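Worksheet for the structure shown next.
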Amino acid sequence: MLVTLKQILDLCEARTCAVGSFNTPNLESVMAVIGAAEELQVPVVIQHAEVHEEIMPLEVIGPVMTEAARRAKVPVCVHLDHGESLDYLCRALDLGFTSIMYDGSNLSFEENLANTRMAVSFAGRAGASVEAEIGTMGRRETGSGTPDGEADPGKIYTDPEQAGLFVRESGIDALACSFGTTHGVYLTKPKLDFGVVEQVRRATGGIPVVMHGGSGVSGEEFRRAIQAGVRKINYYTYMAMAGGAGAEAYLESVRESGTRDAVLYHDVAQAAVRAMQENCRAAMQVFAMRS
């Protein structure tokens, strides 16, 4: 069933848990994420990032995502992740997305706020939710880049006082908060400041906080973040890596068996879906605060 981000976040707030928000730049990832959510009977967010446009155009994957959400047996929000232009946000809303994120974190506070207000206005007419960002996680959400969780020169921690003003003036439904995570793969252990999350929650009157850059974070750290006030956790890199590993393992098994003259793509894709679904299921259990 297709729902808004706010509806899911209200449920997460009541349960003191977080919803997993998974980038789905192809049909296989959509199937894996929704399949895992239906297994566990938990709500979920499927999202398309603007930086994935070169992998899969919004106008191609968007209708797939919204139709899959409508047919799902659990609540599913279809979300635009890291929308960097107002035009791109409007394109997603026209396709039936029920939530959008405007990312103006690299702009001045004033310009970020002004554009976010417009995003809230556009989303309001469509009945959709809005996420925005103060501070920045540094690297863009592509699952690649310099794999160093500590020495990211683009990382700027969220200022709680500034976040409070931003939330009051913009009317957003969720705030992406920078408290030590970075997009992509870590070689060094990220140092998370959960106090930033707690201070942002207090300064904003309890805004649901969004955690970007979840790869490399332990289950215990996820649980601590949720207790501090995180209600949405973005997750992609490790899921994508699991899909690649699943496909690789399948190809290796075919080579070793010697029973086939050719490898069929749909068999490789199914192996990737199974691996991604297993990875997503494990993450969702942590986010839902289940053992």
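For clarity, every value in this text was computed on a predicted model and none was experimentally measured.
Atom CE of residue M31 and atom CD of residue Q270 lie 7.5 Å apart, to the nearest 0.5 angstrom. Residue L175 holds its CG atom at 14.0 Å from CZ of R231, rounded to the nearest 0.5 Å. Atom CG of D81 sits about 6.5 Å away from atom OG of S21, to the nearest 0.5 Å. Distance check, rounded to the nearest 0.5 Å: CD of E84 to OG of S105 gives 8.0 Å. Here D159 contributes atom CG and Q199 contributes atom CD; the two are 9.0 Å apart, rounded to the nearest 0.5 Å. Rounding to the nearest 0.5 angstrom, the gap separating the CZ atom in F22 from the SG atom in C280 is 4.5 Å.
Panel note: side chain D173, backbone V130; a donor-acceptor pair is recorded below 3.5 Å. Although no hydrogens or angles enter the test, the distance criterion places a donor-acceptor pair under 3.5 Å between the side chain of R290 and the main chain of L40. Distance alone, capped at 3.5 Å, is enough to place a donor-acceptor pair between the R201 side chain and the I207 backbone. Judged purely by atom type and a 3.5 angstrom limit, E38 uses its side chain to pair as donor or acceptor with the backbone of K73. The backbone N or O of C77 lies less than 3.5 Å from no partner atom in the side chain of T98, so there is not a single donor-acceptor pair.
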Please determine whether side chain to side chain contact (heavy atoms under 4.5 Å, CB included) holds for the pair I233 and H212, giving the CA-CA distance in whole Å, both sets of side-chain angles, and the decisive distance to 0.1 Å.
CA-CA 6 Å; I233 300 174; H212 290 239; over 6 Å; no

What do the steps show when you test V263 against L251 for side chain to side chain contact (heavy atoms under 4.5 Å, CB included), and what is the final call?
CA-CA 8 Å; V263 174; L251 291 171; 3.4 Å; yes

Apply side chain to side chain donor-acceptor pair (under 3.5 Å) to the pair Y102 and N115, showing each step before the final yes or no.
CA-CA 8 Å; Y102 175 68; N115 285 344; 2.8 Å; yes

Go through the steps for E256 and S253 under the test side chain to side chain donor-acceptor pair (under 3.5 Å), then give the verdict.
CA-CA 5 Å; E256 290 179 353; S253 70; over 6 Å; no

Please walk me through it: do L95 and L58 pass side chain to side chain contact (heavy atoms under 4.5 Å, CB included)?
CA-CA 9 Å; L95 289 170; L58 174 65; 3.7 Å; yes

Would V230 and F194 count as a side chain to side chain contact (heavy atoms under 4.5 Å, CB included) here? Give the steps.
CA-CA 10 Å; V230 166; F194 303 105; over 6 Å; no

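Side-chain contact between I46 and V78 is present, with heavy atoms from C-beta onward closer than 4.5 Å. When side chains are defined from C-beta on, P25 counts as touching Y236, because their heavy atoms get closer than 4.5 Å. Considering only heavy atoms from C-beta on, F166 comes within 4.5 Å of T116 through its side chain. M65 places a side-chain heavy atom less than 4.5 Å from the side chain of V30. Looking at L93 and I100, their side chains come closer than 4.5 Å, going by heavy atoms from C-beta outward. Side chains of T204 and R168 form no contact here, defined as non-hydrogen atoms less than 4.5 Å apart. Annotation: side chain of L11 is not in contact with side chain of L9 (no heavy-atom distance under 4.5 Å). Side-chain contact between I55 and H52: present, with at least one pair of heavy atoms (C-beta onward) separated by less than 4.5 Å.
Using a cut-off of 4.0 Å between Lys/Arg side-chain N and Asp/Glu carboxylate O, E39 and R281 are scored as salt-bridged. A salt bridge links E67 with R71: the distance from a Lys NZ or Arg NE/NH1/NH2 to an Asp or Glu carboxylate oxygen falls below 4.0 Å.
Taking each heavy atom of H48 and M56 in turn, the nearest pair found is CE1-O, 3.1 Å. Closest non-hydrogen pair, L89 versus A119, comes out as CD1-CB, 3.7 Å. In terms of heavy-atom proximity, A275 sits nearest to G246 at CB-CA, 3.8 Å. Closest approach of E50 to S85, counting heavy atoms only: OE1-N, 3.7 Å. The heavy-atom pair separating Q277 from A32 by the smallest distance is CG-O, 3.5 Å. The minimum heavy-atom distance between I226 and M289, with the atom names listed, is CD1-SD, 3.8 Å.
Follow the hydrophobic side-chain contacts under 4.5 Å out from L86 and you reach L107 in the same cluster. A continuous path of Ile, Leu, Val, Met, Phe, Trp and Tyr side chains, each step under 4.5 Å between heavy atoms, connects V197 with V286, placing both in one hydrophobic cluster. M1 and V74 fall into different hydrophobic clusters, defined by Ile, Leu, Val, Met, Phe, Trp and Tyr side-chain heavy atoms under 4.5 Å apart, directly or through other members. Cluster annotation: Y235 is not connected to L5 through the hydrophobic network of ILVMFWY side chains, with a link wherever side-chain heavy atoms come within less than 4.5 Å. The cluster map of Ile, Leu, Val, Met, Phe, Trp and Tyr, joined by side-chain heavy atoms under 4.5 Å apart, puts M211 and V209 in the same cluster.
Counted by atom type alone, N112 and S108 present zero donor-acceptor pairs between their side chains at under 3.5 Å. In the model, E221 has a side-chain atom that pairs as donor or acceptor with a side-chain atom of S218 under 3.5 Å. Side-chain atoms of E53 and Y88 form a donor-acceptor pair, as typed in the model, at a separation below 3.5 Å. At a cut-off of 3.5 Å, with distance as the only test, a side-chain donor of H79 or E131 sits close to an acceptor on the other residue. Judged by distance alone, the side chains of N279 and Y238 never bring a donor and an acceptor atom under 3.5 Å apart.
Dense packing is recorded around CD of Q41, with more than 12 heavy atoms of other residues, nucleotides or ligands lying under 6.0 Å away. Counting heavy-atom neighbours within 6.0 Å of E161 CD, excluding the residue itself, gives a total of 12 or less. The neighbour count for E278 CD, taken as heavy atoms of other residues, nucleotides or ligands under 6.0 Å away, does not exceed 12. Within a 6.0 Å sphere centred on CZ of R223, other residues, nucleotides and ligands contribute more than 12 heavy atoms.
Under the 30°/60° scheme for interplanar angles, the aromatic rings of F287 and F222 are found to stand perpendicular.
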